[in-house]
Protein chains: 2
Amino acid sequence: MSDATPAKKPTRIQLRNRTRILDAALEIFSQHGYRGATLDQIAAASGLSKPNILYYFDGKEDIHVTLLNQLMDAWLAPLREIDPDGAPLEEILRYVHRKLEMSREFPRESRLFANEILQGAPRIAPHLESGLKPLVDETATLISGWIAEGKLAPVDPRHLLFSIWATTQHYADFDAQVRVLMEDRPVHEGAGQYLDTLYRRLLKP
Amino acid sequence: MSDATPAKKPTRIQLRNRTRILDAALEIFSQHGYRGATLDQIAAASGLSKPNILYYFDGKEDIHVTLLNQLMDAWLAPLREIDPDGAPLEEILRYVHRKLEMSREFPRESRLFANEILQGAPRIAPHLESGLKPLVDETATLISGWIAEGKLAPVDPRHLLFSIWATTQHYADFDAQVRVLMEDRPVHEGAGQYLDTLYRRLLKP
DNA sequence: CCATACGTTGACCAATCGGTCAAGAAATTT
DNA sequence: AAATTTCTTGACCGATTGGTCAACGTATGG
């Protein structure tokens, strides 16, 4: 986006170290939030010195913003993959399972996002407005069309999306609570089956 | 609970100031998280000086723990009010609406809780184990009984509770996102109607 | 009205924070 | 292998943090 620097050619070392830093930062930020994370923690987790980290990024906020930018793309991808020409119910269910899978595979990303929204989205608000909102509007129109054609039971498309996000991301964001309450039970399998039932019964015309 | 101090008689002033501090702290903690909140912010918000705050509480963590303790009670109350002798579907739906109402009326408490769980529940874990878990086990047994009697459609009771928490608390915890996507639309009314439909269709035998 | 406990605060402190800098170590180019 | 760019870091800095303390008000009961 705002790439003012020409940034001619990223060295092997640059690429490797930037990746290391971002991975360590994702771990720390998602665990402690923006304010709770410290550069020293990120330095320790990445195996680099603090000044060295500041050599690759302009500062703490720069690292955080970079992470959020990367995150938004991955976050929106599943929504983009909903096929307007597919079978409506199956398309929605595929989206649900995809989101649930992301909660299991990328819990740190989910928590990073949750932290940011919880604090009022101070750094990601522009992305919500310019990236997420148009896509949600578009998807809502698509779903409304499906409903009008009688291919889905009538529900508010936006609240439907909210509930899908809430129920799937819950397993990543509230993992600490889920783990206490589920003890040794297998969580993911049960969740997949439950959510499938939930949205199938809701949406079947 | 762990009231080691005799604490003979709380003065009028003590009660008033402790309340002030806790209210201010709830505002600050829920907005910035534990680490993001500062005693100076809490002092400013409560209208007291920082040393005065330390006169009423042993420290930052003491304030936070006190808030979480108060919160757990309020959090469990609706779950306790599910009537084993009531009509199953209506009891669950009443619980859903009650939780949604709490998200609207006490969003700060919801966000405080979400923050704590997101960080791995470092300070509230004991309460989850000793307070929430037994109650959830009990409720799960109750719901399983209702299902066995054919009064509810068969679903995993624990995942059902997770989805209720997730969908209702979402409107408080992700308010920043919801507000962007809903613009001027009335959020709460639509949410109530949507969730009613969602859980009615899921649970109707 | 005064003694004693309660309440309040400005000034201060050690620790930690994000960030700087100069100087040296490794690569890379010539 | 010399020159030049890239990479790395120990030492340091000002600002902020949670918390302390001595001194000063203020309520209250005898």
Self-check item: Aromatic ring pairing B/Phe29/B/Tyr34, orientation class (parallel under 30°, perpendicular over 60°, tilted between)
Solution: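 Rings of B/Phe29 and B/Tyr34: parallel, as their planes differ by under 30°.
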Quiz item: Mind checking whether B/Tyr171 and A/His159 have parallel, tilted or perpendicular rings, split at 30° and 60°?
Solution: tilted
For [X] and [N], give me the distance from atom [atom1] to atom [atom2], rounded to whole Å.
X	N	atom1	atom2	answer
B/Tyr56	C/dT8	OH	C1'	8 Å
B/His32	D/dT17	NE2	P	11 Å
B/Ile53	C/dT9	CD1	P	10 Å
B/Arg12	D/dT28	CZ	P	7 Å
A/Gln41	C/dC17	CD	P	7 Å
B/Arg18	C/dC6	CZ	P	15 Å
A/Arg16	D/dC7	CZ	P	10 Å
A/Asn17	D/dT8	CG	C1'	10 Å

Practice problem: For A/Ile13 and for B/Ala37, locate the closest nucleotide of DNA chain D by heavy-atom distance; then report the residue assigned to the nucleotide nearer the 5' terminus. | Solution: A/Ile13
Quiz item: Per the atom types in the model, does the base of D/dG19 pair as donor or acceptor with the side chain of B/Lys60 at under 3.5 Å?
Solution: no
Considering just the side-chain nitrogens and oxygens of [X], establish if one lies under 4.0 Å of OP1 or OP2 belonging to [N].
X	N	answer
A/Gln14	D/dC7	yes
A/Asn52	D/dG10	no
B/Tyr55	C/dG7	yes

Quiz item: So how far off straight is the helix from C/dC1-D/dG30 to C/dT30-D/dA1, going by the axes through five pairs at either end, to 10°?
Solution: 10°
Evaluate the side-chain proximity of [Y] to [X]: yes if any heavy-atom separation is below 4.5 Å, no if none is.
X	Y	value
B/Glu109	B/Met102	no
B/Val136	B/Leu79	yes
B/Arg16	B/Ile13	yes

Quiz item: Which nucleotide sits closest to the side chain of B/Leu54: C/dG7, D/dG19, C/dG19?
Solution: D/dG19
Self-check item: Side chain of B/Pro51 (C-beta onward), nearest among C/dG7, D/dT17, D/dC21
Solution: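 So the nucleotide nearest the side chain must be D/dC21.
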Quiz item: So, does B/Glu116 use its side chain to make a donor-acceptor pair with the main chain of B/Arg123 at under 3.5 Å?
Solution: yes
Quiz item: For A/Gln193, does its backbone N or O pair with a side-chain atom of A/Thr197 as donor and acceptor, under 3.5 Å?
Solution: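 Judged by distance alone, yes, a pair lies under 3.5 Å.
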